[in-house]
Amino acid sequence: MTGSCRLHISVWSSRRKATCRKTFRGQRQGQGHRRRISPSGSSHLARLPLLSVSHHSLFFKALQFFMCHICCSRLRCPPLRLPPVFVLLSLQDAFEVLAENYEFSEMEGPCLAFRRAASVLKSLPSAVESLRAAQDLPCLGEHTKAVMEEILRCGRSFEVEKILSDERFQTLKLFTSVFGVGPKTAEKWHRRGLRSFSEVLAEPSIHLNRMQQSGFLHYGDISRAVSKAEARAVGNIIDEAVRAITPDAMLTLTGGFRRGKEFGHDVDLIVTAAEPGREQNLLSEIIDSLKKQGILLFCEYQASTFDTTKLPSHRFEAMDHFAKCFLILRLEGSRVDEGLHSAEGDSRNWRAVRVDLVSPPADHFAFTLLGWTGSRQFERDLRRFARLERRMLLDNHALFDKTKKEFLTATTEKDIFDHLGLEYIEPWQRNA
DNA sequence: CGGCATACG
DNA sequence: CGTAT
DNA sequence: GCCG
């Protein structure tokens with residue numbers, strides 16, 4: 001049982017309390033940078049669609065100035081890095097900190113190892129309380145066990161606390177919390193001596209791309225968790241738009257919410273048309289509809305290569321339709337049953353929400369559903385298992401048997417697990 | 001000692 | 001490089 | 001960093 005260790009363990013996992021992921025920012029400086037840098041509704045600036053704004057436009061310069069002003073007036077600038085107030089970290093959180101730190105150091109191997117270690121613990125029915133209980137678990141080696149021992153013994157880890165109090169780690173964590181800013185950009189900004197959003201926004205030589213502009217503009221909203229009620233409301237909005245286009249279309253909520261979580265960082269939806277071939281333009285028509293309603297704040301769409309042959313000619317045909325898109329939508333509070341999940345002191349009656357739409361052809365639905373239900377670590381483990389143990393290639397669109405040199409068909413997720421020779425795993429068991 | 005998921009803009 | 005699971 |  002080689003690469004499959006994780007998959008078998010997760011069968012035994014039980015449903016855990018679904019909470020949104022802790023952030024480290026919240027623990028240390030109290031409010032710190034999380035203070036709404038971009039009160040998306042407090043200015044008419046925020047209501048203007050950014051869809052066609054170039055980085056160099058006057059509008060954007062005004063926006064940068066505006067946001068910088070907000071930052072500088074409300075925050076200490078540069079921020080005071082206080083030693084973190086250490087809450088007791090769970091073993092999983094400790095491993096995630098280590099993983100993230102290795103990611104910032106561009107050491108993908110150790111990073112992945114700690115992600116797997118966190119994942120293994122998450123998949124257990126109850127928390128590990130002794131080293132003995134962890135003895136036979138996979139993906140736990142010398143380093144992870146040393147950290148475990150320390151935390152089990154005295155509730156904290158020297159190594160983890162050193163990382164959490166590290167100025168570079170805190171700054172990279174802050175910068176990468178912006179939609180469109182990854183480890184490399186964060187590192188670049190940090191190397192140039194920038195330490196806060198206001199410093200980044202005040203730097204004239206920095207040209208934010210479209211995604212980063214939206215990231216800063218809607219920072220307060222996007223970094224706040226999305227509730228299940230809000231996800232349902234978004235689902236209804238998309239459903240209405242789709243129904244006006246094709247009445248028999250079907251909408252499926254995926255991502256973390258399908259895994260039973262109460263909060264998420266975005267809403268993932270699969271749109272499928274009953275008519276074969278109807279999905280070709282479905283997404284762009286939905287986007288048009290959202291645009292007309294004036295609730296589309298950001299949109300990036302991507303084509304799919306659902307070619308079975310990888311022939312360039314086939315590829316060409318599939319080029320002009322869009323299989324997935326990343327959106328930011330304006331969600332009105334009146335549409336949410338339990339009301340908006342708003343920050344304190346936010347008097348707006350709306351918030352921005354990240355929404356991902358996927359529209360696969362019907363015969364690829366099961367693969368798309370499996371691929372978009374996650375979790376990320378589960379998908380990686382499943383694909384690694386397929387490749388190493390079954391000599392198969394798995395992605396969002398299909399499963400290819402390298403031995404038989406053919407694509408395997410599936411109408412349900414269970415079909416795919418069957419092809420892989422695995423017991424079916426319920427969505428809520430895929431959280432690790 | 002090599003591999004670590006996979007795809008798209 | 002960034003995004004998604 | 002852990003595993004095959």
Side-chain angles (χ1 to χ4, degrees), chain A residues 1-6 95 98-99 101-103 105-120 137-147 159 175-176 178-188 208-215 222 254-259 261 264-270 298-307 310 315 318-319 321-328 354-358 360 364 367-389 392-400 427 430-431:
Chain A
M1 220 37 68
T2 52
S4 63
C5 52
R6 286 264 29 272
F95 290 158
L98 290 163
N101 194 46
Y102 279 113
E103 188 170 41
S105 311
E106 293 174 282
M107 297 173 69
E108 296 309 319
C111 167
L112 182 59
F114 279 108
R115 291 251 149 80
R116 286 186 187 140
S119 199
V120 164
L137 295 176
C139 307
L140 301 179
E142 200 183 330
H143 194 160
T144 49
K145 282 187 180 143
V147 174
E159 192 182 2
F175 288 166
T176 54
V178 177
F179 182 58
V181 180
K184 305 290 172 159
T185 307
E187 173 67 36
K188 201 172 73 193
L208 302 178
N209 64 29
R210 208 171 55 89
M211 202 180 272
Q212 290 159 347
Q213 289 176 42
S214 287
I222 289 177
T254 61
F257 289 110
R258 180 157 184 263
R259 300 197 306 273
K261 298 184 72 168
H265 86 285
D266 69 358
V267 183
D268 306 291
L269 295 164
I270 302 178
F298 173 85
C299 170
E300 176 177 299
Y301 36 65
Q302 299 188 351
S304 165
T305 55
F306 69 94
D307 50 3
K310 302 261 195 269
R315 214 171 241 270
M319 262 327 196
H321 85 281
F322 308 111
K324 63 180 170 183
C325 56
F326 309 139
L327 313 176
I328 297 176
R354 279 273 300 105
V355 180
D356 298 325
L357 298 184
V358 201
H364 293 240
F367 296 101
T368 306
L369 184 62
L370 182 63
W372 280 80
T373 298
S375 66
R376 180 170 89 131
Q377 196 54 45
F378 178 82
E379 302 297 335
R380 296 170 81 159
D381 287 343
L382 198 62
R383 288 165 193 207
R384 195 158 60 104
F385 175 83
R387 176 184 284 273
L388 299 178
E389 307 298 321
M392 292 176 184
L393 305 174
L394 175 67
D395 70 10
N396 278 357
H397 317 290
L399 179 63
F400 183 75
R430 305 178 201 169
N431 274 317

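Keep in mind that this is a model prediction, so the values were computed, not measured. Chain A is the first sequence line, chain B the second, and so forth, proteins listed ahead of strands; every chain is numbered from 1.
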Tell me what A:Glu108 touches on the nucleic acid: a base, only sugar-phosphate, or nothing, going by heavy atoms under 4.0 Å.
-> nothing
note: A:Arg380, atom CZ; D:dC2, atom C1'; distance rounded to Å ~ 14 Å
Across the strands shown, which category fits A:Val181 at heavy-atom distances under 4.0 angstrom: base, sugar-phosphate, nothing?
-> sugar-phosphate
Using atom types as modelled and distance alone, determine if a side-chain donor or acceptor of A:Glu300 lies under 3.5 Å from a backbone N or O of A:Phe326.
-> no
Give a yes or no on whether the backbone of A:Gly141 and the side-chain of A:Thr144 come within a donor-acceptor separation of less than 3.5 Å.
-> yes
Select from A:Leu393 and A:Glu300 the residue whose nearest nucleotide in DNA chain B is closer to the 5' end of that strand.
-> A:Leu393
Using ring-ring contact (aromatic ring centres under 6.0 Å, His included) as the criterion, list what pairs up with A:His143, not counting sequence neighbours.
-> A:Phe114
Separation of A:Gln302 atom CD from B:dT6 atom P, in whole Å?
-> 18 Å
Integer-rounded Å distance: B:dC4 C1' and A:Leu388 CG | 9 Å
Return the value, rounded to whole Å, for the distance between atom CZ of A:Arg116 and atom P of B:dG3.
-> 14 Å
Protein-nucleotide distance (A:Lys324, atom NZ; B:dT6, atom P), rounded to Å = 14 Å
D:dC3 versus B:dA5 - spacing of their P atoms, nearest Å = 15 Å
Using the closest heavy atom to pick a nucleotide of DNA chain C for each, name whichever of A:Gly371 or A:Ala186 lands nearer the 5' end.
-> A:Ala186
Has A:Tyr301 got a side-chain N or O lying under 4.0 Å from the OP1 or OP2 atom of B:dG9?
-> no
Expressed in angstrom and rounded to an integer, what is the separation of A:Asp356 atom CG from B:dC8 atom C1'?
-> 13 Å
Among D:dC3, D:dC2, D:dG1, which nucleotide sits nearest the side chain of A:Pro138?
-> D:dC3
Are the charged groups of A:Lys184 and A:Glu106 less than 4.0 angstrom apart, N to O?
-> yes
Of all heavy-atom pairs between A:Thr373 and A:Pro427, which one has the smallest distance, and what is that distance?
-> CG2-CB, 4.1 Å
Judged by atom type as modelled, is there a donor-acceptor pair below 3.5 Å linking the side chain of A:Arg354 to the main-chain atoms of A:Leu327?
-> yes
Counting only side-chain N and O atoms of A:Thr144, is one of them less than 4.0 Å from OP1 or OP2 of D:dC2?
-> yes
When rounded to whole Å, the CZ to C1' distance for the pair A:Arg115 and B:dC4 reads 13 Å
Check every strand shown and say whether A:Leu394 touches a base, only sugar-phosphate, or nothing at a heavy-atom separation below 4.0 Å.
-> sugar-phosphate
Please check if the side chain of A:Glu379 supplies one atom and the backbone of A:Arg376 the other of a donor-acceptor pair under 3.5 Å.
-> no
Between A:Arg383 and B:dA5, is there a side-chain N or O to OP1/OP2 distance below 4.0 Å?
-> no
Does the A:Arg258 side chain pair with the main chain of A:Gly374, one donor and one acceptor, at a distance under 3.5 Å?
-> no
Counted 5' to 3', the first and last nucleotides of DNA chain C within 4.0 Å (strictly under) of a heavy-atom of chain A are C:dC1 to C:dT5
For A:Thr373, answer base if it contacts any base atom (sugar-phosphate contacts may also be present), sugar-phosphate if it contacts only those atoms, and nothing otherwise; contact means non-hydrogen atoms under 4.0 Å.
-> sugar-phosphate
Given atom CZ of A:Arg384 and atom C1' of D:dG4, what is their separation to the nearest angstrom?
-> 10 Å
Nearest nucleotide by nearest heavy atom, which residue falls closer to the 5' end of DNA chain B, A:Gly109 or A:Phe326?
-> A:Gly109
